[in-house]
There are 2 protein chains.
Amino acid sequence: MDRRPVTLEEVARVAGVSRATVSRVVNGVATVDRELRQVVERAISTTGYAPNRAARSLVTRRAGAVGLVLPDEGRTLHDPYFGRVVSGVMPVIRPLGVQLVLTTTDPGGHQEVVDDVRQRRLDGVILIHTHGADPLPRLLTEANLPVVLAARPLRPMAITYVDVDQAAGAALAVDHLVDRGCRRPATITGPLDAPAGQDRLRGFREAVARHGLPEPLVVEGDFSREGGAAAARRLAGEVFDGLFVASDLMATGALPVLRNRGLRVPEDVKVVGFDDSSPAVECDPPLTTVRQPVEDMAAEMARLLVERVERPDRPNASVVFAPTLVVRRSS
Amino acid sequence: MDRRPVTLEEVARVAGVSRATVSRVVNGVATVDRELRQVVERAISTTGYAPNRAARSLVTRRAGAVGLVLPDEGRTLHDPYFGRVVSGVMPVIRPLGVQLVLTTTDPGGHQEVVDDVRQRRLDGVILIHTHGADPLPRLLTEANLPVVLAARPLRPMAITYVDVDQAAGAALAVDHLVDRGCRRPATITGPLDAPAGQDRLRGFREAVARHGLPEPLVVEGDFSREGGAAAARRLAGEVFDGLFVASDLMATGALPVLRNRGLRVPEDVKVVGFDDSSPAVECDPPLTTVRQPVEDMAAEMARLLVERVERPDRPNASVVFAPTLVVRRSS
DNA sequence: CTGAAAGCGCTTACAG
DNA sequence: CTGAAAGCGCTTACAG
């Protein structure tokens, strides 16, 4: 029953060759004689051999695993965004035999990730949703570990990242509102100490100016539903006919506030969100919103990471994707 | 810069002891002399030593990693349920230094998982959402690998699983509807070839009978939003004042159909869902629903799994959790 | 309580 | 193209 697993040694014995040759066949080294290869392959399948990864890792100095690091707040974990990232990463690393290890950073620091890296259990790391103050990106790059960020870092630094063109997304929203006849724009921004918050506001402002519209109303939110509601309340008494909310979740908080004020959406105010997350579909009315190609972005992150694991000397890169507009009933 | 990482050997040299002694200190073996231990600890911290996990795995025959296996359909991945599972598992395995590896089963089979297991990259596996026909549970248990299922298997088999008392959840819903004055119950079931679908229907029927209510209306759904809408349409022309929908997602499909028929919720029909997933909060009106203690259940899965990794001789166990009712505006 | 030594299962120069 | 041999960095009986 629980007999020891088959080793390379055994396969070699059955095939009547050296361990080195079996190893070469297993790893697809091209120089092996065709006939010998077949003998070995037969021995592998009759013995049911599977290579022990720990032994291989020990000599190759490769864990064969990359980490996906999420902030522990739960927010991210329960966000469909997370699932989309996983869907994007999987298809690129799996064919390479690379495992995806999930890590959440503990409040007390990042000991988990750092340990996994120091113990060589992780060849590289994809970092999701780091705050500006997060020391982890620097910690890891300084340790010479391949790292890819899921967004532009707050402060410029030498690091590889993938992002969506946030400003272009905001512009998409404004163009659409203008197209629908809006002349008095307003926005509920994200937190302005986050790159996404900053960039979406900048894109909004630039597009508003480009269309020759009056100075827009701007209130700051924090990407949460409650923050959206609070921001919408601060808009009470103001006059506007188009509202760009920098995240769908905030929009679901803002919508009821508008309704209570007697404003109909989209008749009196047209609303556009950002993210195309599930709340956008479920809220009433369903939300027109800016969508990021998250799966594609995640696949690109994986590709960049794997590349840097293979070739640590590769220079940093940043790849920026174009957002798209998803039109629903709120506009 | 990229100098070789510190090894046990080096620490031993610095501390003036043997590798065996350093190993014992690292692994917390109690029998080491107090003074020696301190010397070694100092050497570890001055050298910045971190044990190489591949080397350890090779001799201990433990990967130090468990797999979380999800069906590849995307459904699960984008479901907040998934995030809740991860939140539950993490706190129990992390302090043990065990990694969580994410795997989705490929449509063509389960080669990924099976390979990871055969290569000893995974010590055990948590299986989420397996269908009745899924060969994976049997495949893995026959290979003598510790496995924990996230639900009762469709066909009885010798396996460890954690579940919620589905029937009790349905009964909770019925009791609540009756409490709110409903006398004519109806239900939209899950797929009846799935344990959850079966058990929720059984619990519903038993509770209806217990309350002495008339024979209820029963239409089968499939746990999807569209399935919920379709089922609700099949209810057209029927008279009922309480509707138990076997998943929140189906309820979000059913709600608009009821509204189009001129039925007000909760005035004309009271509706109770199942899962307490995010759609329950976002739909209109917010849904009264049956909640599973997913985080607790996931933590228990992790505990059972780890236990079986340590002691493979442990007999199978099944743990069933009690559901709770979350009351919102739909009832 | 501590150390010398064997061994875990691979890969990879190095010869030939 | 193939094999003998060294070595990756640990743990763990086994003596003492």
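Excluded from the calculations below are hydrogen atoms, water molecules and symmetry mates; all remaining heavy atoms, backbone and side chain alike, are included. Proteins come first, then strands; the chains are lettered A, B, ... in the order of their sequence lines, and each starts at number 1. Everything quoted here is computed from the prediction, not taken from an experiment.
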Can you name the side chain to side chain donor-acceptor pair (under 3.5 Å) partners of [X], sequence neighbours left out?
| X | result |
| --- | --- |
| Gln38(A) | none |
| Arg308(B) | Thr160(B) |
| Ser57(A) | none |
| Ser18(A) | Thr21(A) |

Gap between atoms [atom1] and [atom2], on [X] and [N] respectively (whole Å):
| X | N | atom1 | atom2 | answer |
| --- | --- | --- | --- | --- |
| Glu10(A) | dC8(C) | CD | P | 12 Å |
| Arg121(B) | dC10(C) | CZ | C1' | 14 Å |
| Leu8(A) | dC8(C) | CG | P | 13 Å |
| Glu9(A) | dT11(C) | CD | P | 13 Å |
| Arg61(A) | dG9(D) | CZ | C1' | 9 Å |
| Arg62(B) | dT12(D) | CZ | C1' | 15 Å |

From [X] atom [atom1] to [Y] atom [atom2], the distance as rounded to the nearest 0.5 Å:
| X | Y | atom1 | atom2 | answer |
| --- | --- | --- | --- | --- |
| Leu145(B) | Arg120(B) | CG | CZ | 8.5 Å |
| Asn52(B) | Thr7(B) | CG | OG1 | 9.5 Å |
| Arg138(B) | Arg155(B) | CZ | CZ | 7.5 Å |

Point to revise | All pairs passing salt bridge (Lys or Arg N to Asp or Glu O under 4.0 Å) where residues 30-45 of chain A contributes a residue, at least two apart | key: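 Every candidate salt bridge (Lys or Arg N to Asp or Glu O under 4.0 Å) pair involving residues 30-45 of chain A fails, so no pair, neighbours aside, qualifies.
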Review point. How would you list all residue pairs meeting salt bridge (Lys or Arg N to Asp or Glu O under 4.0 Å) that involve residues 9-32 of chain B, not counting sequence neighbours?
Key: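 Listed by first then second residue: Glu9(B)-Arg19(B).
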Exercise for review: Just need the stems in DNA chain D: three or more back-to-back Watson-Crick or G-U pairs, each with both distances under 3.5 angstrom, sorted by first number.
Suggested key: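 Stems for DNA chain D, defined as runs of 3 or more consecutive pairs: C:1-3 with D:14-16, C:5-12 with D:5-12, C:14-16 with D:1-3.
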Any side-chain N or O of [X] below 4.0 angstrom from OP1/OP2 of [N]?
| X | N | value |
| --- | --- | --- |
| Ser18(A) | dT2(D) | no |
| Thr7(B) | dG9(D) | no |
| Thr21(B) | dT2(C) | no |

Between [Y] and [X], is there a side-chain heavy-atom distance shorter than 4.5 Å?
| X | Y | answer |
| --- | --- | --- |
| Val113(B) | Leu127(B) | no |
| Asp116(B) | Val125(B) | no |
| Leu305(B) | Ile126(B) | yes |

Exercise for review: Map Arg19(A) and Val26(B) onto DNA chain D by nearest heavy atom, then report which one ends up closer to the 5' terminus.
Suggested key: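 Result: Arg19(A).
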Point to revise | Nucleotide of dT11(D), dT12(C), dT2(D) approaching Ser23(A) most closely (side-chain heavy atoms) | key: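 That would be dT12(C).
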Check your understanding: Which of residues 27-37 of chain A sit near DNA chain D, with a heavy atom under 4.0 Å from it?
Key ->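 Here the set is Thr31(A), Val32(A), Asp33(A), Leu36(A).
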Review point. Which residues, if any, of residues 44-59 of chain A bring a heavy atom under 4.0 Å of DNA chain C?
Key: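 Listed by number, they are Tyr49(A), Ala50(A), Pro51(A), Asn52(A), Ala55(A), Arg56(A), Leu58(A), Val59(A).
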Would you list the protein and nucleotides 13-16 of chain D atom pairs, both N or O, that sit under 3.5 Å from each other?
unit_1	atom_1	unit_2	atom_2	d
dA13(D)	N6	Arg24(B)	NH2	3.3

If you look only at distance, which donor and acceptor atoms sit under 3.5 Å apart when one is on a side chain in residues 95-103 of chain B and the other is two or more places apart or in another chain?
none

Exercise for review: Identify, with sequence neighbours excluded, every residue that meets salt bridge (charged side-chain N to carboxylate O under 4.0 Å, His left out) alongside Asp163(B).
Suggested key: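 Once residues adjacent in sequence are excluded, Asp163(B) has no partner under the salt bridge (charged side-chain N to carboxylate O under 4.0 Å, His left out) criterion.
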